Amino acid sequence: MTAGKADAEPRGRVTITEIARQAGVSVPTVSRVVNGRSDVSPHTRARVEELLQQYGYRKRPAAPGTRAALLDLVFNDLDSPWAVEIIRGVEEVAHAEGVGTVVSAIHGRSGDAREWMRNLRARASDGVVLVTSALDTVLHDELRALGVPLVVVDPAGSPALDAPTIGAANWSGGLAATEHLLSLGHRRIGLIAGPPRLLCSRARYDGYRAALEGAGLTLDESLVVPGDFHPESGFAGCEKLLELPEPPTALFAASDQMALGAIEALRRRGLRVPEDMSVVGFDDLPEVRWSAPPLTTVRQPLADMGKLAVRTVLKLARGERPDSPRVELGTELVVRSSTAPPAIR
């Protein structure tokens with residue numbers, strides 16, 4: 001590569017992926033050079049440093065004691081009141097700390113994620129809070145090379161090795177929801193599950209199954225239907241359960257929105273909650289206390305998760321260690337009017 005070609009590139013906008021490609025090495029190798037690591041051969045280091053210099057690539061300094069001034073809050077999607085609760089917690093702490101917040105949605109598409117990364121580099125964000133999403137390895141290495149701290153809220157899959165995570169006690173929440181229905185006398189309890197790719201969905205399902213096993217009941221797979229956390233899937237899932245030869249007398253929906261969809265499906269069939277079917281949700285979104293009837297649900301501390309994520313990423317930006325790399329905040333069963341003992345038939 002000639003100096004003229006390098007000068008033709010927009011300085012400071014080349015990615016470490018491109019540097020790695022031209023140097024014939026991996027992205028993590030470039031990241032190690034950028035961060036001054038010693039575990040790189042002298043020949044490789046010289047080649048990578050030459051390319052970094054030619055392209056004008058610079059890592060922003062992150063001196064200890066420097067407070068972040070701008071944070072990126074990244075969701076997979078923003079079409080849920082659940083996301084609003086996270087944003088509310090993030091904004092409360094960020095505002096108190098004098099830190100700006102940029103909210104983005106990457107919709108699970110690699111192109112959107114890469115566009116977001118380009119924008120992040122241009123605005124020199126000082127930290128990232130990633131919610132129920134997963135960055136691919138290349139983008140995660142880009143963040144690390146830039147010295148941008150990352151905190152993951154409610155990780156979608158296996159969390160990044162060096163990124164703190166903040167979640168909720170989903171297993172115990174699923175257990176509590178199901179045990180509540182069992183305590184009322186229900187034995188056929190349906191589950192509208194969340195997307196299986198998400199750790200929180202699998203944990204809620206496992207809690208449901210553990211409660212049934214603890215009561216000496218065998219899991220009936222016909223009582224478990226898939227959902228996507230949105231009302232439409234709750235409606236469709238409830239319809240499917242109602243078509244069974246022996247429908248459940250109670251239903252645990254793995255999100256409040258799916259629970260509200262299920263209640264609408266019951267209403268359209270002329271069935272009453274809780275007289276004909278008890279319903280439990282998960283999240284405790286503000287609107288469910290005003291639903292008809294008010295919804296029994298598992299309270300997930302969404303705003304608190306957002307607050308803790310900001311406090312953690314600010315610590316990282318100051319060069320401090322987080323109190324714990326993995327945090328699970330507690331969940332709580334909130335009993336309202338949507339659950340009751342099964343009707344005698």
Side-chain angles (χ1 to χ4, degrees), residues 9-21 26-28 30-31 34-35 55-60 62 68-80 82-91 93-95 97 99-167 195 197-200 228-229 302 305-306 309-310 312-314 316-317:
E9 296 285 348
R11 294 179 65 81
R13 295 191 60 181
V14 69
T15 67
I16 65 170
T17 305
E18 177 62 17
I19 295 290
R21 186 188 69 79
S26 68
V27 170
V30 178
S31 176
V34 170
N35 286 289
Y55 276 97
Y57 189 99
R58 294 290 183 270
K59 176 186 173 183
R60 293 191 316 280
L70 185 65
L71 299 178
D72 266 64
L73 175 60
V74 186
F75 292 85
N76 190 41
D77 289 296
L78 284 169
D79 56 351
S80 167
W82 178 91
V84 173
E85 289 299 296
I86 295 280
I87 293 171
R88 186 168 63 84
V90 166
E91 282 290 322
V93 174
H95 178 75
E97 294 287 340
V99 176
T101 307
V102 177
V103 180
S104 305
I106 58 177
H107 306 291
R109 296 190 289 262
S110 61
D112 288 348
R114 293 175 191 281
E115 177 65 22
W116 163 74
M117 177 63 77
R118 285 192 291 271
N119 292 335
L120 177 134
R121 293 191 68 223
R123 61 178 165 261
S125 188
D126 295 280
V128 173
V129 175
L130 187 67
V131 184
T132 318
S133 303
L135 288 180
D136 63 34
T137 303
V138 171
L139 292 179
H140 182 254
D141 287 336
E142 290 273 358
L143 282 177
R144 187 167 51 189
L146 288 168
V148 178
L150 170 67
V151 173
V152 181
V153 175
D154 213 1
S158 298
L161 294 177
D162 57 353
T165 64
I166 296 165
R197 72 180 187 280
L198 300 181
L199 289 177
C200 62
D228 61 8
F229 289 156
L302 297 170
M305 290 160 65
V310 176
T312 302
V313 83
L314 291 178
L316 293 172

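For the single chain, residues carry numbers from 1 onward in sequence order. Any value given below was found using the heavy atoms of this structure, including those in side chains, with hydrogens, waters and symmetry copies removed. Not measured: the values here are computed from a predicted model.
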So which heavy atom on [X] is nearest to which on [Y], and how close?
| X | Y | result |
| --- | --- | --- |
| Gly127 | Val313 | CA-CG2, 4.0 Å |
| Leu316 | Leu150 | CD1-O, 3.9 Å |
| Asp126 | Pro149 | O-CD, 3.1 Å |

May I ask you to test the [X]-[Y] pair for a side-chain heavy-atom distance under 4.5 Å?
| X | Y | value |
| --- | --- | --- |
| Phe75 | Ile106 | no |
| Val103 | Leu78 | yes |
| Ile166 | Thr312 | yes |
| Val310 | Val99 | no |
| Val151 | Val128 | no |
| Val129 | Val153 | yes |
| Val131 | Val74 | no |

Could I get the full list of side chain to side chain donor-acceptor pair (under 3.5 Å) partners for Ser104, not counting sequence neighbours? none
To the closest 0.5 Å, what do you measure between [atom1] ([X]) and [atom2] ([Y])?
| X | Y | atom1 | atom2 | value |
| --- | --- | --- | --- | --- |
| Ile86 | Glu91 | CD1 | CD | 12.5 Å |
| Thr101 | Leu70 | OG1 | CG | 7.5 Å |
| Leu73 | Leu130 | CG | CG | 9.0 Å |

Among all residues two or more places apart in sequence or in another chain, which pass the side chain to side chain contact (heavy atoms under 4.5 Å, CB included) test with Glu85? Arg88, Leu285, Pro286, Leu302
Could you work out, with side chain to side chain contact (heavy atoms under 4.5 Å, CB included) as the rule, every residue matching Ser80, not counting sequence neighbours? Trp82, Gln257
Could you check whether any side-chain N or O of Ser125 sits under 3.5 Å from a backbone N or O of Leu120, counting only pairs where one atom can act as donor and the other as acceptor? no
